[in-house]
Amino acid sequence: NTLNTGYAQANNIGFHVARGRYHMVLNPDTLLAPGCLQSLIGHLEAHPAHAMVGPLACMDPELTVLMPPNELPTPEWYAAQIAVQTDKTAALANVDRRTQFSWTYWSAQSPIEMEMLSGCCVLFRRSLYEGTWPFDPGFPLYYEDTDMFMDLKRRKLKMIHVPAAKIVHYFSRSAYTHTKGAQYRHKLSEDRYFKKYFPGPGYDSYRDSKAKL
């Protein structure tokens, strides 16, 4: 591209240029461990009903520091994240809940279904988005993958974490080049996401929680 069209739109353009049976979205700050791609493709080959797969992400090349799983944001989830910043009891309860959730994800020996994967690395069949595109181009940066996962969930399509597939994710490296710009785009995208999926009272609840920051 001659212009920076944004993460979502650039990936959409890449999707339409590509011609393979499978399509992978992969962030530039990642490395695939040996066998990762084969494990992801192998799972989709063996499970035609599964829509999208993702690997186990690690923060170091030795694959010892595991990144936690993502959670699909809702107004209730957002309110809880605000509460943990000022309420010690809420913070401790959230740590316990997150630890249990993460341990289930980290210790999985076989593929498990998730409500959300990580947009840094996902694989799907081209037919999943034939005639359309994976991302809403209205998201300038951040939440474009969350939007994609929410859409798949609402369509009752299965997203699968494949623990045998591993990557290294050097987290948020792209945001370091222009931190303030990234933060601004995050705010715009977050607002768009909640307005899109939780209009009315849900969006009002999100705005009320955000005002407490």
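- Applying the ring-ring contact (aromatic ring centres under 6.0 Å, His included) test to Phe15 and every residue at least two apart in sequence or in another chain returns His23.
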Report the C-alpha separation of Tyr105 and Leu56 in whole Å, then their side-chain angles, then the decisive distance to 0.1 Å, and conclude whether the side-chain contact (heavy atoms from CB on, under 4.5 Å) test is met. CA-CA 9 Å; Tyr105 172 82; Leu56 178 66; 3.7 Å; yes

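- The side-chain hydrogen bond (donor to acceptor under 3.5 Å, both in side chains) search around Asp151 returns Arg155, not counting sequence neighbours.
- Side-chain atoms of Gln109 come within 3.5 Å of backbone atoms of Ser107 as a donor-acceptor pair (strictly under, hydrogens ignored).
- Residue Phe101 is grouped with residue Met159 when hydrophobic side chains (ILVMFWY) are merged at heavy-atom distances under 4.5 angstrom, including chains of intermediate members.
- Here the closest heavy-atom approach between residue Met24 and residue Cys121 is recorded as CE-SG, 3.9 Å.
- Legend: residues meeting side-chain hydrogen bond (donor to acceptor under 3.5 Å, both in side chains) with Asp136, ordered by chain and number and at least two apart, are Arg192, Lys196.
- The shortest side-chain heavy-atom distance between Thr74 and Phe198 falls under the 4.5 Å cut-off.
- Applying the ring pair (Phe, Tyr, Trp, His ring centres under 6.0 Å) test to residues at least two apart or on different chains, the pairs with a partner in residues 60-82 are Tyr78-Phe194, Tyr78-Tyr206.
- Proximity of a side-chain donor or acceptor of His16 to a complementary backbone N or O of Thr132 within less than 3.5 Å is detected.
- Arg126 is linked by a salt bridge (Lys or Arg N to Asp or Glu O under 4.0 Å) to nothing, counting only residues two or more places apart in sequence or in another chain.
- In this structure, the side chains of Leu40 and His43 stay at 4.5 Å or more apart for every pair of heavy atoms.
- Within the 4.5 Å cutoff, no side-chain heavy atoms of Pro75 are placed close to those of Tyr203.
- For Glu113, the side-chain hydrogen bond (donor to acceptor under 3.5 Å, both in side chains) partners are Lys158, not counting sequence neighbours.
- Here the closest non-hydrogen pair linking Glu144 and Ala8 is CB-CB, 4.0 Å.
- Lys212 NZ to Ile82 CD1: the interatomic distance, rounded to the nearest 0.5 Å, is 8.5 Å.
- Of all the heavy atoms in Ala51 and Leu128, the pair that sits closest is O-CD2, 3.8 Å.
- Formation of a donor-acceptor pair under 3.5 Å by the Ser205 side chain with backbone atoms of Pro201 is not found in this model.
- Applying the salt bridge (charged side-chain N to carboxylate O under 4.0 Å, His left out) definition to pairs two or more places apart or across chains, those involving residues 79-101 are Glu71-Arg97, Glu71-Arg98.
- Of the possible polar contacts, one joining the Trp106 side chain to the Met67 backbone as a donor-acceptor pair under 3.5 Å is found.
- When all heavy atoms are compared, the tightest approach of Ala165 to Cys36 is CB-O, 3.7 Å.
- Listed by first then second residue, pairs satisfying salt bridge (charged side-chain N to carboxylate O under 4.0 Å, His left out) with a partner in residues 43-63 read Arg21-Glu45, not counting sequence neighbours.
- Applying the side chain to side chain contact (heavy atoms under 4.5 Å, CB included) test between Leu117 and each of Val162, Val122, Asn70 identifies Val122 as the sole match.
- Side-chain contact check for Met52 versus Phe149: some heavy-atom pair is nearer than 4.5 Å.
- Tyr193 and Tyr197 have tilted rings, their planes meeting at an angle from 30° to 60° on a 0 to 90° scale.
- The hydrophobic cluster containing Phe135 does not contain Val53, counting ILVMFWY residues as joined when their side-chain heavy atoms lie under 4.5 angstrom apart, directly or transitively.
- The local environment of CH2 in Trp103 is sparse, with at most 12 non-hydrogen atoms from other residues, nucleotides or ligands closer than 6.0 Å.
- If you check the side chains of Asn27 and Tyr170, you find no donor sitting under 3.5 Å from an acceptor.
- Between Asn12 and Pro137, some side-chain heavy-atom pair lies under the 4.5 Å cut-off.
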Please lay out, stage by stage, how Arg207 and Asp191 fare under the test side-chain contact (heavy atoms from CB on, under 4.5 Å). CA-CA 9 Å; Arg207 296 288 292 177; Asp191 189 82; 3.2 Å; yes

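- Partners of Ala79 by side chain to side chain contact (heavy atoms under 4.5 Å, CB included), not counting sequence neighbours, listed by chain and number: Ser209.
- For the pair Met114 and Leu72, the minimum side-chain heavy-atom distance is 4.5 Å or more.
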Discussion item. Run the side-chain contact (heavy atoms from CB on, under 4.5 Å) test on Gln100 and Thr104 for me, step by step, so that the C-alpha distance in whole Å, both residues' side-chain angles and the decisive distance to 0.1 Å come before the verdict.
Written reply: CA-CA 6 Å; Gln100 293 183 47; Thr104 300; 5.7 Å; no

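- With sequence neighbours excluded, the residues that form a ring-ring contact (aromatic ring centres under 6.0 Å, His included) with Tyr129 are Phe124.
- In terms of modelled atom types and a separation under 3.5 Å, the side chain of Asn11 and the main chain of Tyr7 share a donor-acceptor contact.
- The CZ atom of Phe139 lies 4.0 Å from the CG atom of Asp147; values are rounded to the nearest 0.5 Å.
- Annotation: Tyr184, atom OH; neighbour count of heavy atoms from other residues, nucleotides and ligands within 6.0 Å does not exceed 12.
- You'll find the side chain of Val65 stays beyond 4.5 Å of the side chain of Cys58, heavy atoms only.
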### Tyr142 vs Glu190, side-chain contact (heavy atoms from CB on, under 4.5 Å): CA-CA, chis, key distance, verdict
CA-CA 8 Å; Tyr142 300 108; Glu190 182 182 84; over 6 Å; no

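- Remark: Lys153 engages Glu115 in a side-chain hydrogen bond (donor to acceptor under 3.5 Å, both in side chains) (not counting sequence neighbours).
- In this view, Ala80 satisfies the side chain to side chain contact (heavy atoms under 4.5 Å, CB included) rule with no residue, not counting sequence neighbours.
- Here OG1 of Thr5 is found 4.5 Å from CD1 of Ile13. Values are rounded to the nearest 0.5 Å.
- Nearest heavy-atom pair across Pro73 and Thr146 is CD-CG2, 3.4 Å.
- Minimum heavy-atom separation, Ile167 to Pro55: CG2-CG, 3.6 Å.
- With contacts defined as side-chain heavy-atom distances shorter than 4.5 Å, the pair Leu26/Leu32 qualifies.
- A donor-acceptor pair is defined here as one N or O able to donate and one able to accept, closer than 3.5 Å; such a pair exists between the side chain of Ser189 and the backbone of Leu141.
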